[in-house]
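To start, the structure under review is shown below, and the notes come after it.
Atoms within a ligand are numbered from 1 in the order they appear, just like the ligands themselves.
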Amino acid sequence: MNPISEASIREACLPGNANERGNIPGAQPNLSVDEILAEIERIADLPLEQSTTLPPQAYTDEAFFNWEVNNLFKNDWFCLAHISQIQNIGDFINVDPFGEPLIIIRDKDNEIQVLSRVCPHRAMDIMPPGFGYDGHTMATPSEGNPGCGNTRFLLCPYHFWTFELDGNLKACAEMGQAEDFKRDEWSLKSFRSEVWNGFIFVNLDGNAPRSVAEQYAELNEDVSPWDLASMELIAANEWDCNFNWKVLTENFMESYHHAGAHSKTLQTMMPARDTWTEIEKPFHIRCHLPLKDSLREEIRKMESEGKLWDTFPPVPNLPEEKRMSWGLIMGFPLFTCVTTADSFIWYRILPMGTDRLKLLTTILVPKGSTKLPDFEERRDQANEAGINFHLEDMEVCMAVQRGLYAAGYQRGRLSHLEMPVWLIQRFLAARSRDTWPTFDRDPAPGQI
Ligand code: FES
Ligand SMILES: [Fe+2]
């Protein structure tokens with residue numbers, strides 16, 4: 001078998017190549033959005049033991065994707081960045097979720113602002129992607145933060161209207177003859193945002209019924225030992241992916257595939273058989289991937305000799321079980337993370353279409369770890385390890401998306417180890433009923 005390389009995966013993701021492989025709709029019957037939702041609601045009510053995969057149209061139908069954008073994403077919280085990426089006044093990064101050009105910037109009062117980049121004059125994107133403006137790539141503080149821009153004010157390149165860092169219009173030439181024109185009425189639009197544990201979230205439609213803090217209260221307790229707000233983002237990799245966001249989140253959350261796709265990597269540390277999922281919750285899914293016993297012994301032995309088993313020193317004060325396992329988190333709808341003994345891995349998944357998404361894979365570590373004399377070496381090692389097992393997932397996800405378009409696709413049955421796949425279905429079904437999991441159904445029992 002050929003080893004998977006980063007170059008071959010990136011090559012395979014190029015749009016031309018994706019089309020050549022044949023993501024062509026038409027092999028599966030057309031279903032209306034209502035029909036797709038009805039089928040999802042039906043299967044989500046089956047017990048896990050009877051569960052089956054989603055209808056293929058849920059991954060390939062454009063109208064259904066639009067339903068998801070409006071009913072799952074724009075009306076809920078989307079995580080844009082971590083505060084360590086914009087540490088100084090005037091630091092900014094640009095992100096374009098769901099067609100909305102945004103700038104995330106630290107203003108003069110040290111407040112984080114999430115502003116529209118659309119100029120209130122004639123709608124120009126003040127820093128359009130692809131034209132060499134700062135802030136469009138991967139802001140990584142540990143690398144001198146090359147992807148982060150810094151500015152004293154915001155300037156629209158079209159007619160040079162100038163804005164303060166909080167979005168207020170500061171100057172605009174030759175507007176004296178515009179009747180009733182009041183400068184303070186023409187700010188960059190500000191979006192509802194919230195910083196939770198150092199992560200910056202936006203709610204695009206402004207109507208999410210809860211704050212992030214309310215929504216993720218239970219998660220807050222769970223992740224508190226990592227002290228996420230004080231962590232630093234040390235590595236980020238951008239990926240263009242030609243598969244549906246659910247192909248990725250299902251893959252991210254179930255560990256059954258350790259036995260297959262990761263048989264030489266993760267399976268040797270965290271065998272699929274030992275992984276388990278917590279009781280169903282309204283706003284997130286939580287899975288546990290215990291390290292196998294022989295590894296725990298090895299770790300304890302190394303630690304007793306003053307050596308490190310992980311790349312970085314363990315996060316201080318982690319409870320034993322959290323130190324001896326990996327954790328998977330999916331905060332609905334798209335906040336996906338892995339907890340490890342020495343780091344917190346955050347995936348920013350940005351759906352772009354039925355079979356397209358932009359992915360940012362990141363690693364965060366406690367600030368103390370960035371001060372180690374050989375930090376850069378360790379960071380590169382951690383990053384390379386992360387990329388290597390991510391590539392194994394990329395290959396699988398691409399090939400799954402292709403299968404979903406084929407006439408040969410059969411709706412499959414799920415293993416109990418795929419409980420998170422079923423929980424994602426139950427989330428979709430609940431949102432289809434305009435509620436959240438466990439609000440109008442009994443919570444599905446946990447596996448331990
Ligand atoms: S469109 Fe921005 S200044 Fe005219
Ligand atoms: Fe995986």
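The Fe ion (ligand 2) has His257 among its coordinating residues (N/O/S atom, backbone or side chain, under 2.8 Å).
Side-chain atoms of Asp61 and Thr354, non-hydrogen and from C-beta on, never get closer than 4.5 Å to each other.
For Trp67 and Phe64, the ring centers are positioned less than 6.0 Å apart.
Looking only at distances, no side-chain donor or acceptor of Arg117 sits under 3.5 Å from a matching main-chain atom of Ile126. Listed for the Gln401 side chain is a donor-acceptor partner under 3.5 Å among the backbone atoms of Tyr59. Arg323 places no side-chain N or O within 3.5 Å of a backbone atom of Ala341 that could act as its donor or acceptor partner.
Around atom 4 (Fe) of ligand 1, protein N, O or S atoms at a distance under 2.8 Å total 2; waters are neither shown nor counted.
Taking the Fe ion (ligand 2) as the apex, the angle formed with OD1 of Asp393 and NE2 of His262 is 90°, to the nearest 10 degrees.
A salt bridge is absent between Lys189 and Glu100: the closest approach of a Lys/Arg side-chain nitrogen to an acidic carboxylate oxygen does not fall below 4.0 angstrom.
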What donor-acceptor contacts under 3.5 angstrom involve side-chain atoms of residues 283-290, with partners at least two apart or in another chain?
unit_1 : atom_1 : unit_2 : atom_2 : d
Arg286 : NE     : Asp222 : OD2    : 2.5
Arg286 : NH2    : Asp222 : OD1    : 3.0
His288 : NE2    : Glu278 : OE2    : 2.6

